[in-house]
Amino acid sequence: MTSFKSDFLNVLSERGFIHQCTDAEALDTLASAGPITGYIGYDATASSLHAGHLVQIMLLYWLQKTGNKPIVLMGGGTTKVGDPTFKDTQRPLLTDEQIQSNMNGIKSVFNSFLTFGDGATDALMVNNDDWLSGFGYIEFLRTFGTHFTINRMLTFDSVKLRLEREQPMTFLEFNYMLMQAVDFRELNSTYNCVLQMGGSDQWGNIVNGVELTRRLNQKAAFGLTTPLLTTASGAKMGKTVGGAVWLNADALSPYDYWQYWRNTEDADVGKFMRLFTDLPMDEIRRLEALQGAEINEAKKILADAATRLVHGEAAAATARDTAQKAFEQGVLSADLPTVEVARAELEAGIMLAALTTKIGLTQSNGEARRLAQGGGLRVNDTAITDGNQAVTLADLNADGVIKVAQGKKKIVLVKPV
RNA sequence: GGGGGAAUGUCCCGAGCGGCAAAGGGGGCGGACUGUAAAUCCGCUGCGUAAGCUUCGCAGGUUCGAGUCCUGCUUCCCCCA
């Protein structure tokens, strides 16, 4: 495993980050000789990144940890076009305002992982809109278009699959590849950036960038991708009850984030600890070897470590404590998600189904009733099978709240105000 | 420009004689079993307390009645030019 000379590639390799690399040996030599600069691009398609982006963020994290300079490329320009890679249909185009606001939401996450600044290995954040939007059409075509052949572009899986499935690909989307390649070349010229990383689906796009950079700048350039991540049972990573596992606290609370990792399948514990935490390898090897129920301890440590990286030490501790009280001691913690409901409404008595819908546990009264019928709704730990039953102030417990649970893991405290 | 085909349950795939709230999957959620795991088994998966209401690309029409037939439109695919 430890066949590399550079710390950077050794860490990536033993932790399982490497799927493909354009020239691992040469990159290794370069990285062992001194700090290198690498980047990853993020398009602003949502207001927060999610767990699916985490592997790539960790890549930047380790790049910096091992003494190199990471660049976070915000895709302000490329988002205007939309990445067609491995998508069946074109995404709706976002307005400039949406893109800007999404970028603002995304930026903050990186502060938890990287140290930004002007030093040699300090992280940098740039926006490709700064150079991409400035090009004139003909200028762009003459400068870069001449280096790409349609023949070649059509052979990339990302494009080929779309065509094979007889789905349309617009000329706009077709150009995404070029823009991403231009990014790499631009960063190489400006910051001497020699490495682009990304998920395995980005391989084609990355290779284009590597080639364009070599050709136009006559400099070494490398690409490296991470494996496509699925859970041991084959599900795609990053989905949970409420939707995606967002990294921003306002999109998904640290408690829910902690829970996501706590619920990891046994078979994934080791893999996830390698990829999503900075726990030392010795520790990981010890933890993943735990058998049976003991592996739950490992899952807690995984959840702690993963949450700490994103939300900080304090939030991780609180989440852990809250979960421990709720699941292991059966005690309520005031830190559980709490929703305030007008006291008058409870005084009058509110239908359980209406209540769960109001506090966001269910989407409609009908859904709530069906859930209740199946035994999936609990008020103060008692299953209520009739969704029409009224919830009133009489249901307040000693702490002055009503504990409403959907299933075993989604718990909300209702507080009268 | 000509010809042929496609669009189905606000997650996806996908059946659908003129009587359909619409087969079957997948996914998701809930229950049982467990260890807040996996596997397995069971249930639910348009809205409404209900009467009922609203769904099959869009707009009209035929019919007691249309996802299903007719007309126009939109979008997409394929073939010919």
Side-chain angles (χ1 to χ4, degrees), chain A residues 84 86-92 161-171 173 230-245 255-273 287-304 306-307 319-331 333 336-337 349-357 360-379 381-391 404-412:
Chain A
F86 295 107
K87 300 199 176 60
D88 274 350
T89 48
Q90 180 169 15
R91 302 283 201 69
L161 291 177
R162 179 86 154 259
L163 297 179
E164 275 171 5
R165 301 195 61 172
E166 300 191 343
Q167 295 298 319
M169 174 179 275
T170 63
F171 185 66
E173 296 174 277
T230 53
T231 66
S233 44
K236 31 219 167 309
M237 280 278 310
K239 290 285 181 177
T240 180
V241 277
V245 181
Y255 169 74
D256 287 326
Y257 189 79
W258 193 91
Q259 280 294 326
Y260 174 75
W261 296 107
R262 173 63 246 267
N263 286 312
T264 297
E265 294 175 31
D266 288 6
D268 286 327
V269 172
K271 180 165 82 177
F272 285 2
M273 283 195 288
L287 290 170
E288 71 178 338
L290 293 175
Q291 293 299 314
E294 285 192 349
I295 202 161
N296 279 326
E297 288 312 308
K299 290 184 191 177
K300 286 180 208 165
I301 293 171
L302 164 65
D304 280 349
T307 308
R320 181 192 182 121
D321 187 56
T322 305
Q324 191 163 18
K325 281 181 178 156
F327 288 101
E328 293 175 25
Q329 301 165 9
V331 185
S333 163
L336 278 169
I350 179 169
M351 196 168 57
L352 175 60
L355 180 67
T356 57
T357 303
L361 244 27
T362 51
Q363 290 203 310
S364 72
N365 295 357
E367 182 190 333
R369 276 193 206 91
R370 287 190 295 266
L371 246 178
Q373 223 157 42
L377 285 185
R378 282 159 217 268
V379 174
D381 298 318
T382 308
I384 306 290
T385 50
D386 178 11
N388 293 331
Q389 187 165 321
V391 176
V404 183
Q406 181 211 327
K408 292 188 170 59
K409 295 177 192 172
K410 280 173 89 177
I411 303 170
V412 171

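By convention in this document, chain letters (A, B, ...) are assigned in the order of the sequence lines, proteins followed by strands, and residues within each chain are numbered from 1.
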Identified pairing partner of B:rU62, criterion: Watson-Crick or G-U wobble below 3.5 Å:
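In the structure as shown, B:rU62 has no Watson-Crick or wobble partner.
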If I pick the [atom1] atom on [M] and the same atom on [N], what distance separates them, to the nearest angstrom?
| N | M | atom1 | result |
| --- | --- | --- | --- |
| B:rU8 | B:rC77 | P | 16 Å |
| B:rU62 | B:rG52 | P | 27 Å |
| B:rA7 | B:rG26 | P | 23 Å |
| B:rU45 | B:rC78 | C1' | 36 Å |

Please state how far atom CG in A:Leu302 lies from atom P in B:rU36, giving the value in whole angstrom units.
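Computing the A:Leu302:CG to B:rU36:P distance gives 16 Å.
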Regarding [X], tell me which of base, sugar-phosphate or nothing describes its non-hydrogen contacts under 4.0 Å with the strands shown.
| X | answer |
| --- | --- |
| A:Gly387 | nothing |
| A:Arg262 | base |
| A:Ala326 | nothing |

What is the distance from atom CZ of A:Arg262 to atom CG of A:Asn296, rounded to the nearest 0.5 Å?
4.0 Å
Is [X] close enough to [N] that one of its side-chain N or O atoms is under 4.0 Å from OP1 or OP2 there?
| X | N | answer |
| --- | --- | --- |
| A:Lys408 | B:rA32 | yes |
| A:Lys409 | B:rG35 | no |
| A:Ser364 | B:rG46 | no |
| A:Thr264 | B:rA37 | no |
| A:Arg369 | B:rU49 | yes |

Give the intermediate values and the outcome of side chain to side chain contact (heavy atoms under 4.5 Å, CB included) for residues A:Asn388 and A:Leu352.
CA-CA 6 Å; A:Asn388 293 331; A:Leu352 175 60; over 6 Å; no
Salt bridge or not between A:Asp321 and A:Lys325? Use side-chain N to carboxylate O under 4.0 Å.
yes
A:Asp266/A:Lys299 salt bridge by N-O under 4.0 Å criterion:
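Result for this pair is yes, salt bridge flagged.
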Residues from residues 372-379 of chain A lying under 4.0 Å of RNA chain B - heavy atoms:
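Within residues 372-379 of chain A, the residues near RNA chain B are A:Gly374, A:Gly375, A:Gly376, A:Arg378.
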